[in-house]
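Here is how names work: the chains are called A, B, and so on, in the same order as the sequence lines, proteins then strands, and each is numbered from 1.
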2 protein chains.
Amino acid sequence: MTDVQAPRSAPKSEQTRTLILETALRLFQERGYDKTTMRAIAKEAGVSVGNAYYYFDSKASLITGFYDRMSHEHATVTGERLQGAEDFGERLEIAVMAWVDCAKPYHEFAAQFFSTAADPDSPLSPFSDESYPARAEVIQIFRDVLEGSQVGPKLDSELAELLPDLLWLYLMGVVLYWVFDHTEDTERTRAFVRKCAPLVARAVRLSRFRLVRPLVRDAVELMQEFVIPKVRSGVTK
Amino acid sequence: MTDVQAPRSAPKSEQTRTLILETALRLFQERGYDKTTMRAIAKEAGVSVGNAYYYFDSKASLITGFYDRMSHEHATVTGERLQGAEDFGERLEIAVMAWVDCAKPYHEFAAQFFSTAADPDSPLSPFSDESYPARAEVIQIFRDVLEGSQVGPKLDSELAELLPDLLWLYLMGVVLYWVFDHTEDTERTRAFVRKCAPLVARAVRLSRFRLVRPLVRDAVELMQEFVIPKVRSGVTK
DNA sequence: CGCACTCCTTGAACGCGTTCAAAAAGCCTG
DNA sequence: CAGGCTTTTTGAACGCGTTCAAGGAGTGCG
C-alpha cells in the first residue's frame with residue numbers, strides 16, 4: 001500500500017494512479033494549487049482529465065498523499081532531533097519547529113490550499129475522518145515529546161493522557177499563524193514558536209500546583225467531553 | 001429598469017447596488033451559498049451578470065454587508081441581555097450565546113461559506129483589513145463585558161487591555177466549533193459555551209495570584225508582540 | 001441640435017472543476 | 001479463437017465564477 005514509485009509488482013491501474021498523483025503534487029509545488037489545472041495535470045501525466053477523476057474524487061483529494069507524506073517526514077525529522085533533549089519546552093519547540101521546516105517547501109501552495117482544507121465537509125479538513133491517520137501520527141509525535149521529558153510522569157494522569165491531543169491543537173494554531181505569515185522564510189512564525197514553547201512548558205508545570213489544579217481538572221473534563229472526540233475520530237462523531 | 005423605492009438622497013447607481021446586495025443575501029439564506037449562482041442573483045434582481053460585477057468584485061465580496069449586519073445585531077442583542085448581569089462568567093456567556101443566537105439563521109450558509117473566509121488573502125478573512133470594522137465592533141462588546149463586571153478593575157492593566165482581543169479570539173474558536181456542529185439547533189455548541197464561560201472566568205481570576213502572575217505577564221507580552229497586531233489592524237501589518 | 005464625456009449596463013465568451021455516455025483494453029471461460 | 005464481462009480510458013459537454021469589448025443613458029456645452 002506504500003506509494004513511492006510504482007513497484008514492478010503493482011498492477012497497471014496502480015501505476016496510473018501513482019503517476020497522476022505524483023504529477024499533481026509536483027505541479028502543485030511548482031506552480032501553486034490554483035494555477036495547476038486538472039487539464040494540465042492530465043496532459044503532463046499523458047492521460048485524459050476523465051481518467052484523473054476515475055482515480056480521485058476531486059482536485060482537492062489529490063492532496064491526501066501530501067498529508068501522509070508530510071506527517072511521515074515530520075515524524076522522522078522530529079525523532080532524529082529529539083535525541084538528547086530532555087527539557088519538555090525544548091522538546092516541544094523541536095517538534096513544532098520540525099513541522100515548520102518540513103512544511104517550508106509548501107508554504108505558498110499551502111496558503112492557497114488552506115481555504116479548501118477549512119471546509120468542514122471536505123475530506124481534507126484536519127478534523128476529518130479521512131485525515132485521521134496523518135493526525136494520529138502527529139499526535140504520536142507529541143506523545144513522544146511528553147514521555148521523553150521529566151515533566152510527563154509528574155502530571156495528573158488525565159491531563160497526561162490528554163496533552164498530546166491538546167498539543168496537536170496547539171500545532172494547528174501554529175499552522176494557522178504560519179499560513180498568514182508572509183515574512184522571509186516564515187521567520188515570524190519561527191520566533192513565535194521559540195517564544196511559545198517555554199511558556200507552554202511553564203503552564204504545564206504550573207498545572208500541578210494546588211491553586212490551579214481544580215481548574216485544570218475541570219478544563220480537562222470539558223475538553224474530553226467536547227473537543228477530544230472530534231480530534232480522535234473526526235467531526236462526524 | 002424597475003425602480004422600487006426612490007430615496008431622493010440615493011442616486012440610481014446606489015439603488016442598483018443595494019438591489020443586487022439585498023437579492024444576493026436573500027438567496028444565500030434561502031438556498032445556501034454554493035447553490036446561489038451569480039446568474040440567479042442577476043436574474044432575480046433583474047440585471048445582467050456583468051452589472052453585478054460592476055458593483056462587486058466577486059461573489060464572495062457580496063458577503064461584506066452580511067458581516068456588518070451580523071456584528072451590529074450581535075452588539076445590540078448583547079447590550080440588551082447584559083443588563084443586570086454582573087458576574088464576569090455570566091456576562092461572557094451572554095455575549096457568546098448572543099452570537100450563537102444571532103448566527104442561527106445562517107448556520108448552513110455559513111458552513112458553506114467558511115472555507116472562503118478561511119482564505120488568508122480573501123477580504124472576508126476574519127483577520128483581514130476589510131473586515132476590521134466588524135471585528136472592532138465585536139471586540140468592543142467584550143470590552144463592555146469586562147468593564148461591567150467586578151473582575152475588570154482588579155486585573156493587571158496590561159491583561160485588562162488585552163483581554164477583549166483575546167476573548168474575540170475565543171469567540172473565533174467557538175465559531176469554528178459551531179461551523180463543525182451538526183446537532184439540532186447547534187445544541188452542542190451551546191452546551192460548550194455554557195461550560196466554557198465559567199472556566200474562562202475562573203482562569204482570568206486566577207491570573208491575579210502570585211503563583212501564576214509571572215507566566216501571565218510573559219504570555220501577555222507574547223500576545224502583544226505576535227498576535228494582537230494581526231487582530232488590531234489586519235494580517236498585512 | 002450635435003458632440004463629447006462619464007457613468008452604467010449588457011451578454012457573449014473564457015477557463016475552470018466536474019460529469020458521463022461510450023469506447024477501448026484486459027480478463028476469464030468454453 | 002470467440003464471446004461476454006469488468007476495469008480502465010476517453011473527450012465532449014455542463015454549469016460555474018469571472019472578464020471584456022461594445023453599446024446605451026444621462027448631462028453639459030457650443
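- Taking 4.0 angstrom as the limit, B:Ser48 places none of its side-chain polar atoms (N or O) nearer than this to OP1 or OP2 of C:dT9.
- Taking side-chain N and O atoms only, B:Tyr55 has a distance below 4.0 Å to OP1 or OP2 of C:dT9.
- Applying the 4.0 Å criterion to OP1 and OP2 of C:dT18, one finds that A:Tyr53 has a side-chain N or O inside that range.
- The aromatic rings of B:Phe28 and B:Phe109 sit parallel to each other, their planes meeting at less than 30°, with 60° as the upper class boundary.
- Across the protein-nucleic acid pair, A:Tyr33 atom OH and C:dC16 atom C1' stand 12 Å apart, rounded to whole Å.
- Between the A:His74 side chain and the A:Met70 main chain, no donor and acceptor come within less than 3.5 Å of each other.
- A cation-pi contact, defined as under 6.0 Å to the ring centre and within 45° of the axis, links A:Lys230 to B:Tyr177.
- For B:Ser58, taking side-chain heavy atoms from C-beta onward, the closest of the listed nucleotides D:dT18, D:dT9, C:dT19 is D:dT18.
- Checked by distance alone, B:Arg39 brings a side-chain donor or acceptor within 3.5 Å of a matching partner on the base of D:dG17.
- Contact check, B:Asn51 against C:dC8: no side-chain N or O comes under 4.0 Å of OP1 or OP2.
- Nucleic acid contact class of B:Thr36 (heavy atoms, under 4.0 Å, all strands): sugar-phosphate only.
- When atom types are taken as modelled, the side chain of A:Asp185 and the backbone of A:Glu187 share no donor-acceptor pair closer than 3.5 angstrom.
- Closest approach of B:Gly32 to B:Gln112, counting heavy atoms only: C-OE1, 3.4 Å.
- Comparing C:dT9, D:dT9, D:dG17 against the side chain of B:Met38 picks out D:dG17 as the nearest.
- One finds no side-chain N or O of A:Thr16 lying less than 4.0 angstrom from the OP1 or OP2 phosphate oxygen of D:dT8.
- In this structure, the NZ atom of B:Lys43 is 11 Å from the P atom of D:dC16, given to the nearest Å.
- Between B:Phe56 atom CZ and D:dT18 atom P there is a gap of 13 Å when expressed in whole angstrom units.
- The separation between B:Ile41 atom CD1 and D:dG17 atom P is 8 Å, rounded to whole Å.
- Looking at the side chain of B:Lys59, the nearest of the listed nucleotides D:dT18, D:dA12, C:dT9 is D:dT18.
- Within the structure, a side-chain polar atom (N or O) of B:Tyr54 is placed less than 4.0 Å from OP1 or OP2 of C:dC8.
- In this structure, B:Glu14 atom CD and C:dC7 atom C1' are separated by 14 Å, rounded to whole Å.
- Remark: P of D:dG17 and CG of A:Asp34 are 16 Å apart, rounded to the nearest angstrom.
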